[in-house]
Amino acid sequence: MTLTLDHLTNVDLPVIDDADVDAFFDMEDLWAIIVWNDDVTTFQTVIEAFVEIFNHSVERADQLAWTIHRTGKAVAAVRPKDEAEAAVRDLHRRKISASLARA
C-alpha cells in the first residue's frame with residue numbers, strides 16, 4: 001500500500017530557549033528511573049510494567065525492553081522525585097531491578 005499526500009503541510013513548532021529549559025530543570029526535582037537487565041524477568045513482565053506504571057505505549061515499552069536487553073540498562077522515565085521513588089517501588093514489587101539517578 002502506498003500513501004500519497006495531496007499537499008505538503010508545514011508545522012511550525014515553538015522554539016524553547018535554553019534558558020527556559022534550564023529554569024524548568026532548576027525548579028523541578030527530576031529523577032531518572034533506570035531499569036537494569038537481568039536473566040530472570042521476562043520481556044512481557046517488563047512491557048506490562050512500563051505500560052501500567054509509566055503509561056507508555058506497548059510499542060515504546062517494547063523498545064525500552066530491547067534497549068535494556070542489548071545494553072544492560074535504560075532510562076524508563078523521568079519524573080519528580082516522589083513519583084520516581086514510587087515507580088521504583090512498584091518495579092521492585094514486580095521483581096524488576098531499578099534505581100534512581102538525578103536527571
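For R93, the salt bridge (charged side-chain N to carboxylate O under 4.0 Å, His left out) test picks out D90, with sequence neighbours left out. Scored by the ring-ring contact (aromatic ring centres under 6.0 Å, His included) test, W66 finds F43, H69 as partners (sequence neighbours excluded). For S97, there are no side chain to side chain donor-acceptor pair (under 3.5 Å) partners, not counting sequence neighbours. Every residue meeting the side-chain contact (heavy atoms from CB on, under 4.5 Å) condition with K81, not counting sequence neighbours, appears here in chain and number order: D29, W31, E85. For A87, the side-chain contact (heavy atoms from CB on, under 4.5 Å) partners at least two apart in sequence or on another chain are I33, I53, F54. Taking the side chain to side chain donor-acceptor pair (under 3.5 Å) definition, one finds that N37 meets it with nothing, sequence neighbours left out. Every residue was checked against the side chain to side chain donor-acceptor pair (under 3.5 Å) condition with R89, not counting sequence neighbours, and none meets it. By the salt bridge (charged side-chain N to carboxylate O under 4.0 Å, His left out) test, E52 pairs with R94, sequence neighbours left out. Taking the side chain to side chain donor-acceptor pair (under 3.5 Å) definition, one finds that T45 meets it with T42, sequence neighbours left out. With sequence neighbours left out, A101 forms a side-chain contact (heavy atoms from CB on, under 4.5 Å) with I34.
Note: the hydrophobic cluster containing I47 does not contain I68 (ILVMFWY, side chain heavy atoms under 4.5 Å, direct or indirect links). Hydrophobic clustering (ILVMFWY, side-chain heavy atoms < 4.5 Å, transitive): L100 and F50 are in one cluster. Residues V78 and W36 share a hydrophobic cluster, clusters being chains of Ile/Leu/Val/Met/Phe/Trp/Tyr side chains in contact below 4.5 Å.
In plain terms, the two heavy atoms of A49 and I96 that are nearest each other are CB-CD1, 3.6 Å. The minimum heavy-atom distance between V46 and A65, with the atom names listed, is CG1-CB, 4.2 Å. Closest of all the heavy-atom pairs between A74 and T67 is CB-CG2, 3.9 Å.
Checking side-chain atoms of H56 against main-chain N and O of A76 turns up a donor-acceptor pair under 3.5 Å.
Q44 and E48 share a side-chain donor-acceptor pair at under 3.5 Å.
For residues 82-103, no residue pair satisfies the ring-ring contact (aromatic ring centres under 6.0 Å, His included) rule, not counting sequence neighbours. The list of salt bridge (charged side-chain N to carboxylate O under 4.0 Å, His left out) pairs with a residue in residues 35-45, not counting sequence neighbours, is empty.
Atom CG of L64 is separated from atom NZ of K73 by 14.0 Å, given to the nearest 0.5 angstrom.
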